[in-house]
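Here's the structure, in structure tokens; my notes come after.
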Amino acid sequence: MSNSFINRKDRIIASAIEIINEAGLASLTTKTLAMKENMSESLLYRYFGGIDEVLVEVVDTYTKFDKAMLATIEAKSILHFDKVLELFRTLSTYYAGYSDMAAIVLNYEELLHNVNTRETIAQCIKIRTEFVRKELQLAMEQGEIIDCFSAEELACMFFGTMERDLLNRRIENEDLSHDKAALSILDKLDVLLRKK
């Protein structure tokens with residue numbers, strides 16, 4: 001494969017993510033993608049067999065850094081609760097730096113209904129959730145945080161807060177950086193949950 005071929009494929013994926021962010025997942029078609037890339041639909045088919053292949057690549061792009069991110073956090077010699085906070089700070093920074101990618105989070109449900117993306121997106125959600133639950137459970141067992149909620153309940157609060165913040169940013173505060181709003185919430189949860 002030539003370098004220009006690979007670069008063009010990457011640009012097509014970036015454009016697909018932009019379309020999802022700007023107009024929603026249902027707006028991602030070969031026609032809209034070809035128009036955004038200023039190419040014919042037939043040329044688009046030289047790079048991808050159809051919109052389902054594009055969507056699979058979009059999801060793969062979204063999940064690409066998860067394994068390395070979680071391994072890096074897991075390897076740190078910090079408290080279990082700090083690992084949870086580190087994960088959400090990392091995700092906040094990621095979504096702030098690549099705001100179009102946050103649209104993928106807001107389309108989880110639709111991606112879970114797509115036969116081509118279901119397994120990959122479900123695995124991403126499952127791995128992230130299991131990591132957070134495990135670290136929260138260990139944090140409670142080791143007396144790092146109060147145990148007024150179960151690890152499952154706390155995981156739902158953390159992920160729900162992140163998703164709600166992304167949604168709020170989209171509908172209310174486009175100018176408010178996701179990472180600043182999310183970090184403020186993380187700081188408050190830290191104060192509320194951490195044992196003194």
Side-chain angles (χ1 to χ4, degrees), residues 1 3-69 87-129 158-186:
M1 271 187 219
N3 200 19
S4 62
F5 183 79
I6 293 170
N7 290 336
R8 187 64 185 252
K9 282 186 82 167
D10 290 343
R11 286 195 310 267
I12 292 169
I13 295 305
S15 290
I17 293 167
E18 288 175 18
I19 290 169
I20 294 168
N21 184 50
E22 294 165 0
L25 192 58
S27 297
L28 181 63
T29 64
T30 54
K31 183 176 182 174
T32 58
L33 189 52
M35 284 175 40
K36 185 154 185 80
E37 278 294 301
N38 197 24
M39 65 169 52
S40 68
E41 281 184 81
S42 58
L43 181 56
L44 180 64
Y45 282 105
R46 281 188 57 208
Y47 297 96
F48 294 97
I51 207 64
D52 286 335
E53 280 187 25
V54 172
L55 197 52
V56 166
E57 288 291 326
V58 165
V59 171
D60 285 345
T61 299
Y62 173 76
T63 61
K64 194 178 286 186
F65 88 109
D66 270 37
K67 188 175 182 179
M69 172 189 62
L87 170 65
F88 285 97
R89 286 184 180 114
T90 301
L91 290 172
S92 294
T93 302
Y94 177 54
Y95 297 136
Y98 193 0
S99 61
D100 289 347
M101 198 59 86
I104 304 302
V105 175
L106 299 176
N107 281 281
Y108 275 169
E109 182 70 23
E110 192 69 26
L111 292 166
L112 287 168
H113 287 293
N114 182 305
V115 69
N116 299 300
T117 57
R118 177 183 304 131
E119 188 176 320
T120 304
I121 205 70
Q123 190 69 5
C124 174
I125 295 166
K126 183 178 177 184
I127 289 170
R128 285 182 183 183
T129 305
F158 275 95
F159 283 110
T161 298
M162 180 185 73
E163 289 178 30
R164 183 59 193 191
D165 187 56
L166 289 171
L167 185 60
N168 281 347
R169 187 176 139 257
R170 179 172 292 276
I171 61 175
E172 296 172 4
N173 301 315
E174 272 304 321
D175 59 333
L176 180 62
S177 165
H178 167 68
D179 61 332
K180 289 182 181 138
L183 293 176
S184 172
I185 294 167
L186 287 175

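Given the structure is predicted, the values throughout are model-derived calculations rather than measurements. Along the sequence shown, the residues carry numbers beginning at 1.
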What closest approach, in Å, do [X] and [Y] show between heavy atoms, and which atom pair accounts for it?
X     : Y      : answer
Ala34 : Leu44  : N-CD2, 4.3 Å
Ile13 : Glu57  : CD1-CB, 3.2 Å
Leu33 : Ala16  : CD1-N, 3.6 Å
Leu55 : Leu25  : CD1-CD1, 3.6 Å
Ile20 : Ala103 : CG2-CB, 4.1 Å
Ser99 : Asn21  : O-OD1, 4.2 Å

Taking only residues two or more places apart in sequence or in another chain, which ones pass salt bridge (charged side-chain N to carboxylate O under 4.0 Å, His left out) with [X]?
X     : result
Glu37 : Arg8
Asp66 : Arg128
Glu18 : Lys36

Check your understanding: Would Thr120 and Asp60 satisfy side chain to side chain contact (heavy atoms under 4.5 Å, CB included), going step by step from the backbone distance to the final call?
Key -> CA-CA 7 Å; Thr120 304; Asp60 285 345; 3.7 Å; yes

Side chain proximity check, [X] to [Y], heavy atoms < 4.5 angstrom:
X      : Y      : answer
Ile17  : Thr61  : yes
Asn114 : Asp52  : yes
Leu91  : Met69  : yes
Phe88  : Leu183 : no
Tyr47  : Met39  : yes
Ile121 : Tyr62  : yes
Lys126 : Thr129 : no

Practice item. Report the residues that fulfil side chain to side chain donor-acceptor pair (under 3.5 Å) with Ser40, sequence neighbours left out, ordered by chain and then residue number. Key: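 Counting only residues at least two positions away or on another chain, Ser40 forms a side chain to side chain donor-acceptor pair (under 3.5 Å) with Ser42.
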
Interatomic spacing from [atom1] in [X] to [atom2] in [Y] - rounded to 0.5 Å:
X      : Y      : atom1 : atom2 : value
Tyr95  : Asp100 : OH    : CG    : 13.0 Å
Ser92  : Leu166 : OG    : CG    : 8.0 Å
Ile185 : Thr161 : CD1   : OG1   : 5.5 Å
Tyr45  : Thr30  : OH    : OG1   : 4.0 Å

Review point. Is the side chain of Thr117 donor-acceptor paired with the backbone N or O of Leu111 at a distance under 3.5 Å, no angle test?
Key: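 It does hold such a pair.
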
Practice item. Name all residues meeting the side chain to side chain contact (heavy atoms under 4.5 Å, CB included) criterion together with Lys31; count only those two or more places apart in sequence or in a different chain, and write none if there are none. Key: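 Once residues adjacent in sequence are excluded, the partners of Lys31 under the side chain to side chain contact (heavy atoms under 4.5 Å, CB included) criterion are Thr29, Met35, Glu41.
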
Check your understanding: Do any pairs count as a ring-ring contact (aromatic ring centres under 6.0 Å, His included) and have a residue in residues 97-121, sequence neighbours left out, and if so which ones?
Key ->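 Qualifying pairs, neighbours excluded: none.
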
